[in-house]
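Owing to the predicted nature of the structure, the values given are computational and were not obtained by experimental measurement. Hydrogens, waters and symmetry mates play no part in the numbers below; they use all other heavy atoms, side chains included.
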Amino acid sequence: EYIHAVREAFAPGADFAQPAYSPLFAQLEGLPPTLIQVGGNEILRDDSTALAQKLREAEVPCVIRTWPDMWHVFQMFPLKSASEAMKHVAAFLQRYD
């Protein structure tokens with residue numbers, strides 16, 4: 001119920017199957033290498049997994065890492081996992097530099 005209310009407040013009457021609202025419905029071919037970090041307790045975990053699969057199908061290099069017991073944007077909190085996640089970002093960027 002909450003998700004539907006927030007979604008409606010964000011874009012009243014929108015067709016959420018449009019790429020403007022979700023990359024799951026976009027043409028992903030030609031995108032640069034993509035890193036997805038997702039918390040194990042994240043509301044977008046399943047969407048993140050689906051996006052990684054779609055990127056791979058589009059032959060976009062993609063790395064997805066799930067951080068157990070973490071939540072949405074856990075990287076913003078002063079946690080050991082957040083520090084490790086940021087190091088993971090740095091290594092990903094160096095790999096594709």
Side-chain angles (χ1 to χ4, degrees):
E1 225 175 83
Y2 172 76
I3 290 173
H4 290 286
V6 170
R7 195 169 76 164
E8 189 61 24
F10 172 70
D15 176 3
F16 291 100
Q18 295 298 312
Y21 296 107
S22 173
L24 292 174
F25 303 106
Q27 295 298 316
L28 303 176
E29 292 79 7
L31 288 176
T34 303
L35 171 64
I36 300 170
Q37 292 184 334
V38 62
N41 293 333
E42 162 129 23
I43 193 168
L44 298 174
R45 188 188 64 218
D46 292 344
D47 290 332
S48 298
T49 302
L51 178 58
Q53 182 60 37
K54 284 203 63 162
L55 286 163
R56 290 181 185 124
E57 289 169 4
E59 298 182 8
V60 174
C62 177
V63 174
I64 183 169
R65 175 134 184 224
T66 302
W67 298 82
D69 303 319
M70 291 293 109
W71 52 88
H72 189 63
V73 295
F74 72 93
Q75 300 90 333
M76 302 279 296
F77 292 83
L79 303 166
K80 183 178 179 186
S81 293
S83 178
E84 291 171 3
M86 297 314 291
K87 289 177 185 173
H88 189 248
V89 170
F92 179 83
L93 293 173
Q94 288 175 342
R95 178 178 174 191
Y96 289 101
D97 184 21

Show the atom names and distances, to 0.1 Å, of all donor-acceptor pairs under 3.5 Å that link a side chain in residues 82-94 to residues at least two apart or in another chain.
residue, atom, partner, partner atom, Å
His88, ND1, Gln37, NE2, 3.3

Please output the side-chain donor-acceptor pairs of residues 62-71 that fall under 3.5 Å, not counting sequence neighbours, one pair per line with the distance.
none

Are Val38 and Phe74 joined in one hydrophobic group, where the rule is that I, L, V, M, F, W and Y side chains link up if heavy atoms are under 4.5 Å apart? no
With Arg45 via side-chain hydrogen bond (donor to acceptor under 3.5 Å, both in side chains) - residues at least two apart: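 Applying side-chain hydrogen bond (donor to acceptor under 3.5 Å, both in side chains) to Arg45 gives none.
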Holding to side-chain hydrogen bond (donor to acceptor under 3.5 Å, both in side chains), I want the full list of residues that pass it with Glu8, two or more places apart in sequence or in another chain. none
Pairs involving residues 47-56, ordered by first then second residue, that meet side-chain hydrogen bond (donor to acceptor under 3.5 Å, both in side chains) (sequence neighbours left out):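 Residue pairs passing side-chain hydrogen bond (donor to acceptor under 3.5 Å, both in side chains), neighbours aside: Gln53-Glu57.
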Taking atom NE2 of His72 and atom CG of Leu44, what is their separation to the nearest 0.5 Å?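 If we round to the nearest 0.5 Å, His72:NE2 and Leu44:CG are 5.5 Å apart.
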Under the side-chain contact (heavy atoms from CB on, under 4.5 Å) test, residues paired with Asp15 that sit two or more places apart: Ala17, Gln18
Should we count CD1 of Ile43 as having more than 12 external heavy atoms under 6.0 Å? no
Taking only distance into account, with no hydrogens and no angle test, what donor-acceptor pairs under 3.5 Å do side-chain atoms of residues 19-34 form with protein atoms, sequence neighbours excluded?
residue, atom, partner, partner atom, Å
Ser22, OG, Leu24, N, 3.1
Thr34, OG1, Pro32, O, 2.9

